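What follows is a short report on a single structure.
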Amino acid sequence: MTGKQNNDKTKSLVLSSKELYNKGLNELKSLINEKEIEPRLDIIFIGNNKESEVYVNHKVIAGKKIGIDVIIHRFDEDAKQKEVVDSIKEINQMNENHGIIVQLPVPKTLNQFELINLIDPKKDVDGISSTNLGLLVQDKPYHYPCTPKGVVDLLKHYNVALEGANVCVINRSIIVGKPLLHMLLNENASVTLCHSKTKNLKEITNKSDIVVCAIGKPKFFNRSYFNKDTIVIDVGINRIDNEICGDVDFDDVMNHVKGITPVPGGIGKLTVLNLLKNTVSACMMLN
Ligand code: GUN
């Protein structure tokens, strides 16, 4: 299969998240008004990663739209572990906030897992602390990780069968690949988790019903990676000059697969929505 160009033409379904996102945001706004709650999300932001600035800004704007206060705690690139640890311990104890996240990546000098694991599991709205990931394996976390939940929700929204499906996930991070593996297993899918050291990636993707691409390389995946019956989920958000694009070469792949998510307008929006949903649910749990 490797190297074979998929020149089969078909009409691809574009799996947009627009409807799910708008509906979800409106429902959250109504819930906040109806329950008269004041959810607050605190973001620990260390360093000056430009992409993180953009992501955090999206979270602030979306939160503001529906009545969720988003507070950013900024630390310098050379912040010491103890300084951030002490601050998270303090923020954890506050009654005013309900969700807390450490924006990733953190500078390489810091131990990200120690920071994440300090967050109270009920306030860990990223769902990636050791407690929540452990509970996820049992399918009972306080909060589901936001991007993996977005992937599963979007597939269900478009009635893509997960039970018995062969799914290839190309990412092994703590925030995407590892939790997504378990969420898909909990849906009775058969999952192959691939990464930078995987041999014969193209053979695996070509045999899969669903392929989740999250490698952070703009337009890396062309149509030769997929067959005409594949559903392609693009989790990448990359910038080329001023254009935002995914890890999949959308123009090359479109109409050569069964379905494909656009970037922007795909999984990214659902990550933000799920973060806000988790914050509201944390607020109701803690009140
Ligand atoms: N960096 C990129 N996406 C995310 C996310 O969803 N949560 C956190 N904490 N960091 C990120």
Side-chain angles (χ1 to χ4, degrees), residues 17 21 24 40-63 68 70-75 77 79 84 87-88 91-92 97-108 110-121 123-133 136 141-154 169-180 183 212-218 233-239 244 246-247 261 263-264 266-279 281-282:
S17 63
Y21 178 78
R40 181 177 126 177
L41 168 67
D42 285 27
I43 301 181
I44 316 293
F45 189 160
I46 312 152
N48 38 33
N49 182 298
K50 279 211 179 75
E51 297 303 319
S52 292
E53 279 302 341
V54 176
Y55 294 147
V56 166
N57 204 24
H58 284 150
K59 293 168 187 174
V60 173
I61 292 169
I68 297 180
V70 182
I71 306 289
I72 304 171
H73 304 265
R74 284 185 184 270
F75 294 84
E77 183 77 27
V84 188
S87 178
I88 294 178
I91 293 165
N92 239 348
N97 66 45
H98 312 95
I100 303 172
I101 66 167
V102 175
Q103 186 65 31
L104 301 175
V106 301
K108 288 197 168 42
L110 300 179
N111 176 346
Q112 64 166 354
F113 292 120
E114 188 194 10
L115 301 179
I116 292 164
N117 290 341
L118 276 175
I119 300 171
D120 173 350
K123 293 188 176 185
D124 163 33
V125 285
D126 259 338
I128 56 170
S129 61
S130 54
T131 301
N132 274 318
L133 283 179
L136 173 66
Y142 287 106
H143 303 289
Y144 283 93
C146 306
T147 303
K149 182 77 168 57
V151 171
V152 172
D153 286 349
L154 193 65
V169 175
I170 314 162
N171 182 291
R172 58 173 155 180
S173 71
I174 202 75
I175 200 137
V176 179
K178 285 176 181 165
L180 182 55
M183 290 185 68
V212 181
C213 303
I215 64 166
K217 290 189 183 167
I233 304 290
D234 192 350
V235 177
I237 303 177
N238 310 289
R239 195 180 295 269
I244 301 285
D247 290 350
T261 57
V263 177
I267 298 300
K269 275 180 170 293
L270 298 180
T271 300
V272 176
L273 172 65
N274 287 330
L275 183 67
L276 300 179
K277 272 190 183 174
N278 286 348
T279 303
S281 118

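Side-chain atoms are counted along with the backbone in the values below, which use heavy atoms only and exclude waters and symmetry mates. Quantities reported herein were computed from a predicted structural model and do not represent experimental measurements. Both ligands and their constituent atoms are indexed starting at 1 by order of listing.
On a distance-only criterion, Pro105 and ligand 1 share no N/O pair closer than 3.5 Å. Checked by distance only, ligand 1 and Thr147 stay at 3.5 Å or farther apart across all their nitrogen or oxygen atoms.
There is a side-chain donor-acceptor pair under 3.5 Å between Lys123 and Asn97.
Between the side chain of Glu53 and the backbone N or O of Asn48 there is no donor-acceptor pair closer than 3.5 Å. In this structure, the side chain of Ser17 does not engage the main chain of Ile267 through any donor-acceptor pair within 3.5 Å. The closest donor-acceptor contact from the side chain of Asn278 to the backbone of Asp126 lies at 3.5 Å or more, if one exists at all. Side chain of Asn132 to backbone of Pro121: a donor-acceptor contact under 3.5 angstrom is found.
Residue contacts with ligand 1 for Asp126 involve side-chain atoms from C-beta outward but no N, CA, C or O (heavy atoms, distance under 4.0 Å). Here Leu275 has no heavy atoms under 4.0 Å from ligand 1, in either its backbone or its side chain. With a heavy-atom cut-off of 4.0 Å, Ile175 touches ligand 1 through its side chain alone.
Counting protein heavy atoms only, atom 1 (N) of ligand 1 is closest to Leu104 O, 2.8 Å. For atom 6 (O) of ligand 1, the closest non-hydrogen atom on the protein side is Thr271 CG2, 3.6 Å. For atom 11 (C) of ligand 1, the closest non-hydrogen atom of the protein is Gln103 NE2, 3.3 Å.
Which parts of ligand 1 touch Val102 is read off a 4.0 Å heavy-atom cut-off, strictly below it: atoms 8 (C), 9 (N).
Rounding to the nearest 0.5 Å places CG of Leu110 at 8.5 Å from CD of Glu77.
Residues passing the side chain to side chain contact (heavy atoms under 4.5 Å, CB included) test with Lys277, sequence neighbours excluded: Leu28, Leu273, Asn274.
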